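Inspection log for the structure reproduced underneath, given as structure tokens.
Computed from a prediction, not measured in an experiment: that's the story for all the values here.
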Amino acid sequence: MRIGAHVRDDDPLAAARERGAEVVQFFLADPQSWKKPPEHPHAEALRATDLDVFVHSPYPVNIASMNNRIRIPSRKTVTQHAEGAAAIGAKGLVVHGGHVTGGEDPADGIANWRKFFERQAKDGGFPLPILIENTAGGDNAMARRFDVLARLWDAVGEFGAGFCLDTCHAFAAGEELVGIVDRVKTITGRIDLVHLNNSRDEFGSSRDRHANISTGTIEPEVLAAVVAAAGAPVVVETPSDGQAEDIAFLRQALGG
């Protein structure tokens, strides 16, 4: 079981050493922008490292959106970041499931995801797995409630879409964490990455506020059980001051 953290993007290898991480995740560009990622200054070292490397796409990305001014740049941004992630040897690009707005049909958002994968497949596919991540809130979200996630997977699963399970997001969305790995795998057949985060808020809050493992509202033993069941690389996206302790706790809990 390989465990690590979301780290600063300027020198992820140094950040990994500071935390004792075996996995790193980071952004390739400003996470609040549509900018094309520049060549990473540590690209060669990242390609050569024995760390598992993952990249997170920028936050404005919403492939499901019915708004052309959001959906079209989202497609371009994900494609560019997938290319940038592949160039540093990353194992996957994490992309939030996105949403449609009130009054719009989630089926149309699902159709937009399928069109995105279909178009890319015609161009030879993505250079690395696209890992769709579950989200915490929104009545019209594609990957908040697992009944909608199942409909999304019916549309995109055939294209090799991967899945990233975020424990804080699931807890905030009102999904019980006990048995969640089996429920997810029944839908997706896979979990490629776990974002192992505690929550600052209560179950079903719809609020995406991460906490360190020992300080949130989710029992640490429950989080450790999710990691053990998933059998996938783990990234803590918790406050940075406590990430080394979070990683050490998980290793000890898993007997590592």
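The hydrophobic clustering, which links ILVMFWY residues whose side-chain heavy atoms are closer than 4.5 Å, places V61 and F163 together. Under the 4.5 Å side-chain heavy-atom criterion for Ile, Leu, Val, Met, Phe, Trp and Tyr, I180 and I218 are members of the same hydrophobic cluster. Criterion: ILVMFWY side-chain heavy atoms under 4.5 Å apart, direct or through other members. Under it, L131 and V24 are not part of a common hydrophobic cluster. Both L254 and L165 sit in one connected hydrophobic cluster of ILVMFWY residues. Membership requires side-chain heavy atoms under 4.5 Å apart, directly or through other members. A continuous path of Ile, Leu, Val, Met, Phe, Trp and Tyr side chains, each step under 4.5 Å between heavy atoms, connects V156 with L93, placing both in one hydrophobic cluster.
Distance CG/L152 to CG/D147: 11.5 Å, rounded to 0.5 Å. In this structure, CG in D208 is found 9.5 Å from CG in D201, a value given to the nearest 0.5 Å. For the atom pair S57 OG and H96 NE2, the distance stands at 6.5 Å (nearest 0.5 Å). One distance of note links OG1 of T167 with CG of L223; it measures 5.0 Å at 0.5 Å rounding. Distance CH2/W153 to OG1/T186: 13.5 Å, rounded to 0.5 Å. Taking NE2 of H169 as the start and OG1 of T135 as the end, the distance is 7.5 Å to the nearest 0.5 Å.
The 12-atom threshold is not exceeded at CD of E202, counting heavy atoms of other residues, nucleotides or ligands nearer than 6.0 Å. The number of heavy atoms from other shown groups lying within 6.0 Å of CD (E221) is above 12. E118 CD: more than 12 foreign heavy atoms inside a 6.0 Å radius.
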Trace of the side chain to side chain donor-acceptor pair (under 3.5 Å) decision for S205 with R200: CA-CA 10 Å; S205 67; R200 293 169 58 186; over 6 Å; no

Stepwise side-chain contact (heavy atoms from CB on, under 4.5 Å) test for I187 and F146: CA-CA 8 Å; I187 294 169; F146 284 8; 3.8 Å; yes

Worked verdict on H210 versus N198 for side chain to side chain donor-acceptor pair (under 3.5 Å): CA-CA 6 Å; H210 298 182; N198 211 322; over 6 Å; no

Derivation and outcome, side-chain contact (heavy atoms from CB on, under 4.5 Å), residues M142 and I110: CA-CA 7 Å; M142 300 296 101; I110 291 169; 3.7 Å; yes

Verdict with reasoning, E176 to R183, per side-chain contact (heavy atoms from CB on, under 4.5 Å): CA-CA 10 Å; E176 294 285 352; R183 298 200 309 278; 4.3 Å; yes

Derivation of the side-chain contact (heavy atoms from CB on, under 4.5 Å) call for R75 and Q120: CA-CA 10 Å; R75 290 172 173 169; Q120 196 64 29; over 6 Å; no

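Without hydrogens or angle criteria, T217 side chain to S199 main chain gives a donor-acceptor distance under 3.5 Å. Panel note: side chain W34, backbone P58; no donor-acceptor pair is recorded below 3.5 Å. Side-chain N or O atoms of H42 include none that pairs as donor or acceptor with a backbone N or O of D11 at under 3.5 Å. Without hydrogens or angle criteria, N112 side chain to S65 main chain gives a donor-acceptor distance under 3.5 Å. N212 places no side-chain N or O within donor-acceptor distance of the main-chain N or O of T215, the cut-off being under 3.5 Å. No donor-acceptor pair under 3.5 Å is formed between the side chain of Q80 and the backbone N or O of T77. A donor-acceptor pair is defined here as one N or O able to donate and one able to accept, closer than 3.5 Å; such a pair exists between the side chain of R114 and the backbone of A155. A donor-acceptor distance shorter than 3.5 angstrom exists from the side chain of S74 to the backbone of N62, with no hydrogens or angles considered.
Considering only heavy atoms from C-beta on, I132 stays 4.5 Å or farther from V95 through its side chain. No side-chain heavy atom of V23 sits under 4.5 Å from any side-chain heavy atom of L51. Taking 4.5 Å as the limit, every side-chain heavy atom of K76 sits out of range of all side-chain heavy atoms of H81. Side-chain contact between F171 and N197 is absent, with no heavy-atom pair separated by less than 4.5 Å.
Proximity of the aromatic rings of H6 and F27 is defined here by a centroid distance below 6.0 angstrom, and this criterion is met. Between F116 and F159, the ring centre distance reaches or exceeds 6.0 Å. Ring-centre distance between F26 and H40: below the 6.0 Å cut-off.
At a cut-off of 3.5 Å, with distance as the only test, no side-chain donor of N134 or D166 sits close to an acceptor on the other residue. For T238 and D246, the side-chain atoms include at least one donor-acceptor pair closer than 3.5 Å.
Screening V226, V227, V194 against V181 for a side chain to side chain contact (heavy atoms under 4.5 Å, CB included) leaves a single residue, V226. Between V236 and the choices H195, Q25, Q243, R19, the side chain to side chain contact (heavy atoms under 4.5 Å, CB included) rule is met once, by Q243. Here the options are L46, V7, V53, the test is side chain to side chain contact (heavy atoms under 4.5 Å, CB included), and the partner is L13; only L46 passes.
Shortest non-hydrogen contact noted between R144 and S206 is NH2-OG, 2.8 Å. Across all their heavy atoms, R8 and A14 have their closest contact at NH2-CB, 3.9 Å. Nearest approach of A86 to L128, heavy atoms of both residues: N-CD1, 4.1 Å. When every heavy atom of L250 is checked against every heavy atom of A224, the shortest pair comes out as CD2-CA, 4.3 Å. Residues W113 and G97 share a closest heavy-atom pair of NE1-O, 2.8 Å. Nearest approach of A5 to A21, heavy atoms of both residues: N-CB, 4.3 Å.
Using a 4.0 Å cut-off between charged side-chain N and carboxylate O, E83 and K36 make no salt bridge. Salt bridge annotation for K35-D30: absent, with no cationic side-chain nitrogen under 4.0 angstrom from a carboxylate oxygen. A salt bridge does not link E175 to R145: none of the charged side-chain nitrogens sits closer than 4.0 Å to a carboxylate oxygen. Classification of K91 and D192 as a salt-bridged pair fails, no side-chain N sitting under 4.0 Å from a carboxylate O.
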